[in-house]
Participant: 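Next up is a structure, given as structure tokens.
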Protein chains: 2
Amino acid sequence: MFNKVLIAEDFQDTNLGIVDTLRRELKIGDIQEELYCDRAMNRLKVALATKAPFPLLVTDLFFKEDHNVRKLTSGKELLRAARALQPSIKVIVNSMEDDPKKIQSLFEEEGINAYVCKGRYGLKELISAVEHVYRGETFVSPQIQFQNGENVFELDNFDLDILKDLASGMTKKEISEKLKGKNITPNSESTIDKKVSKLFDEFGARNTNHLIAKLVREGRI
Amino acid sequence: MFNKVLIAEDFQDTNLGIVDTLRRELKIGDIQEELYCDRAMNRLKVALATKAPFPLLVTDLFFKEDHNVRKLTSGKELLRAARALQPSIKVIVNSMEDDPKKIQSLFEEEGINAYVCKGRYGLKELISAVEHVYRGETFVSPQIQFQNGENVFELDNFDLDILKDLASGMTKKEISEKLKGKNITPNSESTIDKKVSKLFDEFGARNTNHLIAKLVREGRI
DNA sequence: TGCGCGATTACGGATATCTGTAAGGGATTT
DNA sequence: AAATCCCTTACAGATATCCGTAATCGCGCA
């Protein structure tokens with residue numbers, strides 16, 4: 001089993017539960033915890049410099065803001081920095097997020113080793129995740145369904161930019177002009193019109209207001 | 001100090017932290033926990049029936065859905081039901097929510113005794129909250145700022161209904177007709193126009209898309 | 001009673017959105 | 001080379017929006 005683990009998690013109470021469980025169930029002696037990403041990163045550096053690197057990082061995704069100024073503000077940034085420093089480190093993400101697409105992208109883009117969804121069985125799953133990762137396998141909370149195809153439509157960056165601009169109050173004419181100014185093509189008002197209309201169909205929206213409301217609610221823009 | 005406490009919290013790990021801390025710091029012997037609102041409610045009923053009611057309920061606001069069918073789906077419903085059953089019960093809400101307006105309404109509408117915001121100091125604050133509540137006082141996490149006045153504009157139910165309809169894709173003409181059909185006044189398209197335009201000013205929005213995006217993001221519609 | 005004020009409503013004009021049709025270009029296929 | 005498909009663009013008509021002006025109504029108040 002891993003000889004030491006670093007846990008980055010800003011919820012004091014959750015933290016306590018995790019530490020306690022890992023210690024008791026997995027007999028991991030050296031469990032260290034940090035409430036801030038920056039401090040967690042420091043620990044990784046120090047451990048590596050003293051030839052006693054952490055083989056495993058368990059991190060949340062979201063860290064609440066407070067008075068402290070921070071360089072690293074999310075678990076994603078932390079795990080990227082950690083991987084840059086120490087490529088061999090195993091990473092388990094433990095968070096509330098339950099959107100399969102976002103979790104999938106953590107595996108694909110960040111190469112995490114396991115994802116555990118906080119919830120009623122979060123602790124049991126975390127133990128299972130640590131065991132899997134130790135054996136070189138990946139793990140995902142079973143309630144996460146990686147549905148491919150289905151009702152999930154892709155939004156490419158072009159669509160996304162248009163929608164963000166619309167949501168921030170720009171008209172299609174203004175967007176068209178902005179794109180022309182930046183020499184990005186396509187850029188005609190007509191094409192923007194068509195793109196957005198197609199999204200109406202895909203998302204079952206009746207007009208722009210409806211589409212924007214849906215997408216903002218889904219956290220996609 | 002309270003002789004027993006019921007904790008409703010669907011995050012297993014958080015739960016463990018809370019139970020442990022209350023037991024150690026406050027010497028509360030009888031600490032019971034439930035992962036589901038319905039079961040928590042049952043415990044309250046049984047305890048009351050056997051003449052050993054819980055003097056204190058600590059509950060989260062949000063409970064994740066799973067396969068189990070549930071009557072009570074949120075902490076708000078749970079605490080209402082609890083108060084209906086046993087009006088004297090003290091209630092501490094322990095949740096992620098950090099919107100002062102929503103928290104304030106919990107005090108004003110639901111008469112909760114304390115609100116503790118989950119976070120880096122959540123456990124320490126929870127202890128403090130229990131002590132305050134035991135002394136008959138209220139408690140709120142210090143990072144919650146009850147700002148009155150300021151930049152916070154009120155949205156009455158009429159505005160809210162219009163905005164919700166717009167966000168769901170209705171045109172102003174359709175909204176006007178819907179209101180006329182239900183004999184709700186005012187209901188002219190012109191008035192709806194004016195109302196929404198005034199909201200542009202108040203919220204610094206450039207058009208309806210912008211306004212809806214802002215309000216959805218703030219969770220107000 | 002009359003005045004003032006705000007809310008509601010009507011209306012019109014300038015823009016913007018939504019939708020359909022059609023033309024052109026580039027890439028792939030036959 | 002011709003046919004096909006997809007993307008981009010132009011254009012046009014029907015609606016919808018945004019915004020200004022002005023008339024009307026209800027209500028408190030002197």
Side-chain angles (χ1 to χ4, degrees), chain A residues 149 152-218 220-221, chain B residues 149 152-218 220-221:
Chain A
V152 185
F153 288 97
E154 282 303 328
L155 287 174
D156 61 29
N157 288 331
F158 191 79
D159 289 336
L160 232 36
D161 286 340
I162 291 174
L163 290 165
K164 283 175 186 166
D165 285 342
L166 286 173
S168 70
M170 291 174 76
T171 67
K172 289 168 180 171
K173 183 181 291 189
E174 287 171 333
I175 296 172
S176 164
E177 283 157 5
K178 170 183 153 186
L179 290 173
K180 283 172 185 162
K182 292 165 75 175
N183 280 334
I184 297 175
T185 154
N187 54 40
S188 78
E189 200 180 330
S190 177
T191 300
I192 296 173
D193 250 9
K194 299 298 174 209
K195 295 259 185 200
V196 177
S197 286
K198 196 160 72 175
L199 296 177
F200 291 170
D201 296 339
E202 291 180 358
F203 287 90
R206 298 171 59 183
N207 53 37
T208 310
N209 288 335
H210 197 186
L211 180 64
I212 287 180
K214 275 177 183 260
L215 293 176
V216 171
R217 262 190 255 273
E218 290 179 14
R220 299 173 75 139
I221 57 176
Chain B
V152 185
F153 288 96
E154 282 304 328
L155 287 174
D156 61 31
N157 288 330
F158 191 79
D159 289 336
L160 232 36
D161 286 341
I162 291 174
L163 290 165
K164 283 175 187 166
D165 286 343
L166 286 173
S168 70
M170 292 174 75
T171 67
K172 289 168 182 172
K173 183 182 292 189
E174 288 171 333
I175 297 172
S176 164
E177 283 157 4
K178 170 183 153 187
L179 291 173
K180 283 172 185 162
K182 293 166 74 175
N183 279 334
I184 296 174
T185 154
N187 54 38
S188 78
E189 201 180 331
S190 177
T191 300
I192 295 173
D193 245 13
K194 299 299 174 208
K195 294 259 185 201
V196 177
S197 284
K198 196 159 71 176
L199 295 176
F200 291 169
D201 296 339
E202 291 180 359
F203 287 89
R206 297 171 58 181
N207 54 37
T208 310
N209 288 336
H210 197 186
L211 180 64
I212 286 180
K214 276 176 182 258
L215 293 176
V216 171
R217 261 189 254 275
E218 290 179 14
R220 300 172 73 136
I221 55 175

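Nothing here was measured: the structure is a model prediction, and the numbers come from that model. Order of the sequence lines sets the chain letters (A, B, ...), proteins ahead of strands, with each chain counted from 1.
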Participant: Could you state the CG-P distance from B/Leu199 to D/dC18, rounded to the nearest angstrom?
Facilitator: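 Result: 12 Å.
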Participant: Does any N or O donor sit under 3.5 Å from an N or O acceptor when you compare the side chain of B/Ser190 with the base of C/dA10?
Facilitator: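 Indeed there is one.
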Participant: Spell out, as yes or no, whether a donor-acceptor pair under 3.5 Å connects the side chain of A/Asn209 to the backbone of B/Gly169.
Facilitator: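 Such a contact is absent between A/Asn209 side chain and B/Gly169 backbone.
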Participant: Check every strand shown and say whether B/Asn187 touches a base, only sugar-phosphate, or nothing at a heavy-atom separation below 4.0 Å.
Facilitator: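 Since only primed, P, OP1 and OP2 atoms lie under 4.0 Å of B/Asn187, the category is sugar-phosphate.
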Participant: Mind running side-chain contact (heavy atoms from CB on, under 4.5 Å) on B/Ile221 and B/Leu160 for me, showing each step along the way?
Facilitator: CA-CA 7 Å; B/Ile221 55 175; B/Leu160 232 36; 4.0 Å; yes
Participant: Could you tell me the separation between the CD1 atom of B/Ile192 and the P atom of C/dC11, rounded to a whole number of Å?
Facilitator: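 These atoms are roughly 16 Å apart.
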Participant: Rounding to an integer number of Å, can you tell me how far B/Asn209 CG sits from C/dA16 P?
Facilitator: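 That distance rounds to 13 Å.
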Participant: Report which part of the nucleic acid A/Thr171 touches: base, sugar-phosphate, or nothing (heavy-atom distance under 4.0 Å, all strands).
Facilitator: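 The residue A/Thr171 makes sugar-phosphate contact but no base contact.
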Participant: Over all strands shown, is A/Asn207 touching base, sugar-phosphate only, or nothing at heavy-atom distances under 4.0 angstrom?
Facilitator: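 Sugar-phosphate only.
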Participant: May I ask you to say what A/Lys194 touches in the nucleic acid, namely base, sugar-phosphate or nothing, with a heavy-atom cut-off under 4.0 Å?
Facilitator: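 Since a base atom lies under 4.0 Å of A/Lys194, the category is base.
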Participant: Distance check needed: D/dT15 P versus B/Glu174 CD, whole Å only.
Facilitator: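 Spelled out: CD on B/Glu174 to P on D/dT15 is 13 Å.
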Participant: Would you indicate what A/Lys195 reaches in the nucleic acid, counting non-hydrogen atoms under 4.0 angstrom: base, sugar-phosphate, or nothing?
Facilitator: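 Since only primed, P, OP1 and OP2 atoms lie under 4.0 Å of A/Lys195, the category is sugar-phosphate.
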Participant: Just the rounded figure in Å: distance from P of D/dT8 to CD1 of A/Ile175.
Facilitator: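 Result: 15 Å.
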Participant: How close do A/Leu179 and A/Pro186 get, heavy atom to heavy atom, and via which atoms?
Facilitator: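 Taking every non-hydrogen atom into account, CD1-O, 3.7 Å.
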